[in-house]
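Contents: one structure, followed by commentary.
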Amino acid sequence: MKNIAIFASGEGSNAEAIVRYFTDSDKVRVKCVLTNRQNVGVHSRMENLGIQSLYFPKEAWTDGNQIVEILKQENIDFIVLAGFLAKIELPIIQAYSNRILNIHPSLLPRYGGKGMWGHHIHKAVIANRETESGITIHFIDENIDSGSILFQAKCEVSPDDTPDTLATRIHALEHKHYPQVIEQLLTK
Ligand code: GAR
């Protein structure tokens, strides 16, 4: 059994899709969710699913060592970022080298880097009249959105899209593919 920890900062729809996908798995188990935000949707989603969501303040994420301690205590093998909007510091990257996956709501390397997250990306994609966007699942390294890419999927962008309609299409792609990519990686 591989134990995963999900890091999330917001609504937690990807975290929920992943938890549901692995509910009956005998190979992969979501052990806990770690967050850097209080009062966000991911806490109630996890409560409903019976998964513990643990909040840590900014200092703990900036230091990193306390987070590594918790991950070790929980016997975590692999980390999955799902809408996690803080930097992953070196102690965590070193402790989980090549074992941290992120999902990004654009076709990296386009629309990646500092300030490019969530709706900011969808707004920029629409403003630039792109005809396609998509999702990227990639490993984490010390820089933002630059680790090696494992998987991408595309969707159309239509001229009458708004950031909300595009976000809905992107979320559907994420919920479909992210759990499957995690499964393939952890059970091969
Ligand atoms: C997702 O679309 C995810 O790709 C994005 O935030 C959203 C979180 O939704 N992540 C980033 O932009 C990271 N750079 P969720 O909280 O409902 O899973």
Side-chain angles (χ1 to χ4, degrees), residues 4-23 30 32-49 51-56 58 61 78-89 92-93 100-128 130 132-157 161-182 185:
I4 66 179
I6 298 176
F7 292 2
S9 302
E11 188 49 44
S13 71
N14 276 286
E16 176 166 350
I18 296 164
V19 169
R20 288 190 184 281
Y21 187 86
F22 290 114
T23 297
V30 178
C32 53
V33 172
L34 274 57
T35 89
N36 62 335
R37 298 264 171 83
Q38 289 170 304
N39 306 318
V40 285
V42 71
H43 293 290
S44 52
R45 284 183 193 254
M46 292 306 114
E47 196 181 341
N48 291 338
L49 292 163
I51 302 285
Q52 55 174 346
S53 59
L54 307 166
Y55 161 75
F56 293 93
K58 193 167 188 267
W61 292 101
F78 201 87
I79 301 169
V80 169
L81 309 189
F84 186 69
L85 302 178
K87 191 159 179 272
I88 303 292
E89 297 296 341
I92 305 177
I93 293 179
I100 312 177
L101 215 53
N102 182 43
I103 193 159
H104 186 82
S106 78
L107 296 169
L108 289 175
R110 307 205 65 204
Y111 301 99
K114 206 165 167 30
M116 278 293 157
W117 52 273
H119 268 55
H120 299 289
I121 295 170
H122 307 318
K123 271 187 199 156
V125 164
I126 289 167
N128 289 340
E130 300 284 359
E132 64 177 22
S133 187
I135 62 168
T136 302
I137 297 171
H138 65 97
F139 287 100
I140 285 288
D141 64 14
E142 312 83 68
N143 303 308
I144 301 175
D145 298 332
S146 72
S148 64
I149 292 175
L150 197 57
F151 176 89
Q152 291 189 306
K154 291 179 181 173
C155 64
E156 279 183 12
V157 180
D161 261 322
T162 65
D164 278 345
T165 60
L166 181 54
T168 301
R169 202 171 307 126
I170 293 279
H171 265 124
L173 270 188
E174 294 182 329
H175 299 164
K176 176 176 177 211
H177 292 292
Y178 205 12
Q180 291 174 2
V181 171
I182 294 165
L185 187 69

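Counting starts at 1 for both ligands and their atoms, in listed order. Given the structure is predicted, the values throughout are model-derived calculations rather than measurements.
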Inter-residue atom distance Cys32.SG - Phe7.CZ, 0.5 Å rounding: 8.0 Å
Heavy atoms of other groups near Trp117 CH2, more than 12 under 6.0 Å: no
Sequence neighbours excluded, every pair satisfying salt bridge (charged side-chain N to carboxylate O under 4.0 Å, His left out) that has a member inside residues 164-179: Asp161-Arg169
Results of side chain to side chain donor-acceptor pair (under 3.5 Å) for Arg37 - residues two or more places apart only: none
Partners meeting side chain to side chain donor-acceptor pair (under 3.5 Å) with Glu156 (sequence neighbours left out): none
For Glu130 against Tyr111, the heavy-atom pair lying closest together: OE2-OH, 2.6 Å
Inventory of protein N or O atoms under 3.5 Å from ligand 1 N or O:
from, atom 1, to, atom 2, distance (Å)
ligand 1, 2 (O), Glu174, OE1, 2.9
ligand 1, 2 (O), Glu174, OE2, 3.1
ligand 1, 4 (O), Glu174, OE2, 2.5
ligand 1, 9 (O), His171, NE2, 3.0
ligand 1, 12 (O), Gly118, N, 2.9
ligand 1, 14 (N), His104, ND1, 3.3
ligand 1, 16 (O), Glu11, N, 3.4
ligand 1, 16 (O), Gly12, N, 2.8
ligand 1, 17 (O), Ser13, N, 2.9
ligand 1, 17 (O), Ser13, OG, 2.6
ligand 1, 17 (O), His171, NE2, 3.3
ligand 1, 18 (O), Ser13, N, 3.4
ligand 1, 18 (O), Asn14, N, 3.0
ligand 1, 18 (O), Asn14, ND2, 2.9

